[in-house]
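Okay, structure first, notes after.
Keep in mind that the numbers below use all heavy atoms, side chains included, and drop hydrogens, waters and symmetry copies. A quick note: this is a predicted structure, and the numbers were derived from the prediction, not measured. Numbered from 1 within each chain, the chains take letters A, B, ... in sequence-line order.
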Amino acid sequence: MIRFFNTLSGTIEEFKPIKEGEVRLYTCGPTVYDYPHIGNYRAYIFEDLLKRFLLFYGFKVIHVMNITDVDDKTIRGANSLGISLNEYTKKYIEAFFEDIKTLRLLPADYYPRATEHIPDMVRMIKGLLEKGFAYIKDGSVYFSIAKFPAYGRLAKINVEELKAGARVEADEYEKESVHDFALWKKAKEGEPFWETELGAGRPGWHIECSAMSTRYLGPTFDIHCGGIDNIFPHHENEIAQSEAYYGQKFVNYWLHCHHLIVDGEKMSKSKGNFYTLRDLLTRNLDPIDIRYFLLSTHYRKMLNFTFEGLEQSKASRQRILDFVYELEHRKFSPGSDQEVEPLVQKAMADFKNSLADDLNISAALAALFELIREINLRLAKDSLKQDDARKVLEAVYQMDRVLAILPEKEEETLPPEILRKIELRQKARKEKNFALADAIRQELRQLGIILEDTKEGVRWKRIK
RNA sequence: GGCGCGGUACCCAAGCGGCUAAGGGAGAGGUCUGCAAAACCUCGAUUCGUCGGUUCGAGUCCGACCCGCGCCUCCA
């Protein structure tokens, strides 16, 4: 049984998809006005974990992630450079796709762009006008939250109380109520606009997600994800628009991931603690270590980003990598041992059940590490048999379908002159000419190659 | 003011009513080794922010308090 914490109910619920064996998933994607920062990627990695787990569990997943390529920030960016909106966003869209590949995020089935779905949004807005949920004011269209009694249910916000703490909104558009939100914004001087049945203008932010999610997934779908900060007002507004328009439930399960903070503080440009993936990669960090770091803390817990934490993640992941390396490179005597199979099965079951429990990644990783310790114990005694080694390795690869943290299979080969030096050193060692052996090791170290002598022979690796 | 999150060993982090409080990092000790490195193994909290309460039994439930943080405005 799979259980998720549903923001809508505020409790952990059993997960039941609408259609047996299939999950329809919508995740809020990037607004392409700048390079995403690692906080954004924390959310995307959480969503990737969710998706990979659902696939691992045997579901078919239909995944849609939107790309917001028209909003205040993209318009401002394009205008400041004096280029078109498309030219401006193109660069960041490309960067986004590069980054998600770097972090091994499984691609979504659809990446709808707001600018390519204007007609869908217009149709929806017209419907909302006809049904009386929306009104026109000065050429713009607003959603009237007073018409939608369930407003505030997701965020657990009482509309009346909202006003008490609300700061003065300096919106130049006139609305009936401060909390009504724009569905359609009338064209303004110097801003891109679309000529539609609603007049010249551009969509408000929230409508795109309602229009595009239901377009690809149907009026009611299974899971909608995003960052905790999207709960209000974005997701609340999506519910209002969608349910008002379709007259049925919009989303069954809302999953939100908590924020990433830096050194105990919220990331912000003014504090200078704002990291993009690219920033981190220039520091010679392995992107998969970053993936592991972002992955290994439960999604509903605030994650504090520090370089020390990243180091710990790296070391932690290295333990898994070393283990896999041993299993792949050692020679085992044929046969199997009665004890090993149950260990593997228990680890697999614990791993799966932990993730099924609202994606308890800590417990899932613990299951993996316990298996590693048990098997390492046998490796140390040289008692692991071939069939068991294979079973363990297979289990770890299975788990990696969810984690995606193991290295790529390809094995790097060294240039022949270096290989010759390594051989020369081996010979020197055999002849107990340790001075020469150490000199060669030192020489290769200068070239960034570390030699380690093991029982199985010499092993090399690059300095990172 | 309203809503919400967290405080478990040096660090990260599970556990949320009942065996000896997971797991990882760091550290210490050991195994291996010509040396080195790497790896592996072992060890590690009579105790879960504080004080009360409920209970046969509480990090785990209730109350108060003390810290740290987020949201209520575009934001993953």
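Searching all strands for a Watson-Crick or G-U wobble partner of B:C19 with both distances below 3.5 Å returns nothing. The partner of B:G27, taking Watson-Crick or G-U wobble pairs whose two distances both stay under 3.5 Å, is B:C43. Shown here, B:G6 forms a base pair with B:C67; the pair counts as Watson-Crick or G-U wobble because both key distances fall under 3.5 Å. In a base pair of the Watson-Crick type (N1 to N3 plus N6-O4 or O6-N4) or a G-U wobble (N1-O2 and O6-N3), with each distance short of 3.5 Å, B:U60 is matched with no nucleotide.
The same atom, C1', is picked in B:U8 and in B:U60; the two are 11 Å apart, to the nearest Å. One C1' atom belongs to B:G23, the other to B:G63, and the distance between them is 34 Å to the nearest Å. One P atom belongs to B:C5, the other to B:C10, and the distance between them is 28 Å to the nearest Å. A gap of 31 Å separates the P atoms of B:C74 and B:A14, to the nearest Å.
Heavy atoms of A:I231 sit nowhere under 4.0 angstrom from any nucleic acid atom.
Side-chain nitrogen and oxygen atoms of A:N360 include at least one within less than 4.0 Å of the OP1 or OP2 phosphate oxygen of B:G15. In terms of phosphate contacts, A:K301 brings a side-chain nitrogen or oxygen within less than 4.0 Å of OP1 or OP2 of B:A14.
Taking 3.5 Å as the limit, the base of B:G70 and the side chain of A:D229 contain no donor-acceptor pair of atoms between them. One cannot find a donor-acceptor pair under 3.5 Å joining the base of B:C74 and the side-chain atoms of A:R76.
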Quiz item: With the sugar-phosphate defined as primed atoms, P, OP1 and OP2, and the base as all remaining atoms, what B/S/- string results for nucleotides 17-33 of chain B, 5' to 3', for protein heavy atoms under 4.0 Å?
Solution: -----BSBS--------
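Base orientation for B:G59: syn, the chi torsion being within 90° of 0.
Checking B:A39, B:G34, B:C41 against every side-chain atom of A:D322, the shortest atom distance belongs to B:A39.
For the pair A:R300 and A:Q318, both in contact range of RNA chain B, the more 5′-proximal nearest nucleotide belongs to A:R300.
With rounding to whole Å, A:N353 atom CG is found 14 Å from B:G15 atom P.
Among residues at least two apart or in separate chains, side-chain hydrogen bond (donor to acceptor under 3.5 Å, both in side chains) pairs with a member in residues 427-436 of chain A are A:R429-A:D453.
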